[in-house]
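Here the structure is laid out as structure tokens; the discussion comes afterwards.
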Amino acid sequence: MIEHADGTRTPFIDASVHIFFPSSKDLRSFLREPFKSRGFPDYEMDWYGAPGGEYAPNTDGANQRYPGSDPEFVANELFSKRGVDMAVLHPMGRGIMPDRHLGSALHAAHNEMMVSRWLEHGEFGHRFRGTIRVNPDDIAGAVREVDKWRTHPRVVQIGVPLQSRELYGKPQFWPLWEAAAEANLPVAVHIESGEGIAFPPTPSGHTRTYEQYVSFMALNYLYHLMNMIAEGVFERFANLKFVWADGAADFVTPFIWRMDVFGRPHLEQTPWAPRIPSDYLPGHVYFVQGSLDGPPEDADFAGEWFGFTDKDDMVMFGSSYPHWQCADVGKLPRALSSGQREKLCWRNAANLYGIDISVGSGAQ
């Protein structure tokens, strides 16, 4: 439970907790040959390291274990100190690898680790929910991985990297989206760490600094989303849900307005997507955010702005623990209504993932 500035209390689902292997050696113990002996990037092998470090202070736990790798330590931080009732785990992988078979093997290893160590943890497993990582560069392998885990009661979504070779609306991805829809599992799209193939964060190439990177990288979800709408993905798969897990919900209002304005007179060009583009947002599009983009927390109009384009029905709070930007749910804009806070802190996530919040010991 969390207590807000006005004294009200609500349940709390953290929709984005990042988990890792303690070491590359430990990861190899989950791999079979020929992949066990292969080389692959370290988690922090990216082009834009955060100035001051990737992780928040005091997140590495006992014996200097890699942050986000110890279920007991993380559970204590989330459930005892932060008031979290339930946590949705997102294993952080290695991005798109040049060898798709190696990429799929790394994803499978992360899934095995998450399920065996976290979701089936004897003490805390009932308060964790998991994201199964799949490789969009290997559609057949990805579909097999979905089939393997779709019936696990604590697996609630599949995860793919934001840095894709192609836009996610294109037909080569449809078998994966069909598998996700049939399994009733949302698809979470997250900026990947330990990049294999490092795509530019902007259409015009690479930025110079981390600040530019982190400002623009999440914007890439718009290219995926608008392409998916134009290609009729949500028309074809009526119950498909996408979670843009690195924020940037503030972009959706101006850009979907533009897509409506320019698309409305030309709907005959996309007979497979006959509705106004913004009609495809409700029930299909969600965001995970920590520190909310948009007006400052003390702005009187923050609640009104948050309601534009029904964002308050799309956004779920996620701390991104243990990363440096690890967000504090206590710093939500004061102008949010109690209903908006409920949706943001737990109701949207509970509805999307089918979480009975009463099962969390902190919510009893």
Side chain to side chain contact (heavy atoms under 4.5 Å, CB included) evaluation trace for Ser278 with Thr309:
CA-CA 8 Å; Ser278 58; Thr309 328; 5.6 Å; no

Are [X] and [Y] packed together at the side-chain level, in the sense that at least one heavy-atom pair is separated by less than 4.5 angstrom?
X      : Y      : answer
Thr131 : Pro91  : yes
Leu27  : Leu106 : yes
Glu182 : Glu178 : yes
Arg82  : Cys326 : yes
Met316 : Val243 : yes
Pro41  : Met97  : yes
Leu219 : Phe251 : yes
Ile355 : Ile13  : yes

Stepwise side chain to side chain contact (heavy atoms under 4.5 Å, CB included) test for Val155 and Asn111:
CA-CA 10 Å; Val155 168; Asn111 296 337; over 6 Å; no

Side-chain ([X]) to main-chain ([Y]) donor-acceptor, under 3.5 angstrom:
X      : Y      : value
Trp272 : Ala230 : yes
Arg127 : Asp85  : yes
Glu192 : Gly93  : yes
Ser69  : Phe20  : no
Trp244 : Ala218 : no
Gln340 : Leu344 : no
Asp260 : Ile276 : no
Tyr221 : Val252 : yes
Asn239 : Ala181 : yes
Trp324 : Pro57  : no

Any link between [X] and [Y] through a network of hydrophobic side chains (Ile, Leu, Val, Met, Phe, Trp, Tyr) touching at under 4.5 Å?
X      : Y      : answer
Leu222 : Val187 : yes
Leu167 : Met226 : yes
Phe255 : Val315 : yes

Looking at [atom1] of [X] and [atom2] of [Y], how far apart are the two atoms once the value is rounded to the nearest 0.5 Å?
X      : Y      : atom1 : atom2 : value
Arg94  : Ser24  : CZ    : OG    : 5.0 Å
Ile132 : Glu145 : CD1   : CD    : 6.5 Å
Thr270 : Ile229 : OG1   : CD1   : 10.5 Å
Ile357 : Asn351 : CD1   : CG    : 11.0 Å
Trp174 : Leu176 : CH2   : CG    : 13.5 Å
Tyr168 : Met228 : OH    : CE    : 9.5 Å

Donor-acceptor pair between His190 and His90 side chains, under 3.5 angstrom
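Distance-only check fails for His190 and His90.
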
Salt bridge (Lys or Arg N to Asp or Glu O under 4.0 Å): which pairs involve [range], sequence neighbours left out?
range            : answer
residues 238-259 : none
residues 104-119 : Asp26-Arg117, Glu112-Lys148
residues 313-326 : Asp313-Lys343

Considering residues at least two apart in sequence or located in another chain, which fulfil the side chain to side chain donor-acceptor pair (under 3.5 Å) criterion with [X]?
X      : result
Asp279 : none
Arg150 : none
Tyr223 : none

Would you please indicate yes or no on a ring centroid separation below 6.0 angstrom for His18 and Tyr321?
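So the answer is no for these two rings.
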
With sequence neighbours left out, what residues match [X] under ring pair (Phe, Tyr, Trp, His ring centres under 6.0 Å)?
X      : result
Trp118 : Phe128
His121 : Phe124
His101 : none
Phe317 : Phe12

Would Tyr48 and Tyr213 satisfy ring-ring contact (aromatic ring centres under 6.0 Å, His included), going step by step from the backbone distance to the final call?
CA-CA 7 Å; Tyr48 296 98; Tyr213 169 83; 4.6 Å; yes

Have a look at Phe21 and tell me which of Tyr66, Phe40, Phe30 forms a ring pair (Phe, Tyr, Trp, His ring centres under 6.0 Å) with it.
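Of Tyr66, Phe40, Phe30, ring pair (Phe, Tyr, Trp, His ring centres under 6.0 Å) with Phe21 is met by Phe30 alone.
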
Under the salt bridge (Lys or Arg N to Asp or Glu O under 4.0 Å) rule, collect the residues that match up with Arg275, sequence neighbours excluded.
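Partners of Arg275 under the salt bridge (Lys or Arg N to Asp or Glu O under 4.0 Å) test: Glu235.
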
With sequence neighbours excluded, residues passing salt bridge (Lys or Arg N to Asp or Glu O under 4.0 Å) with Arg165
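Only Asp137 meet the salt bridge (Lys or Arg N to Asp or Glu O under 4.0 Å) criterion with Arg165.
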
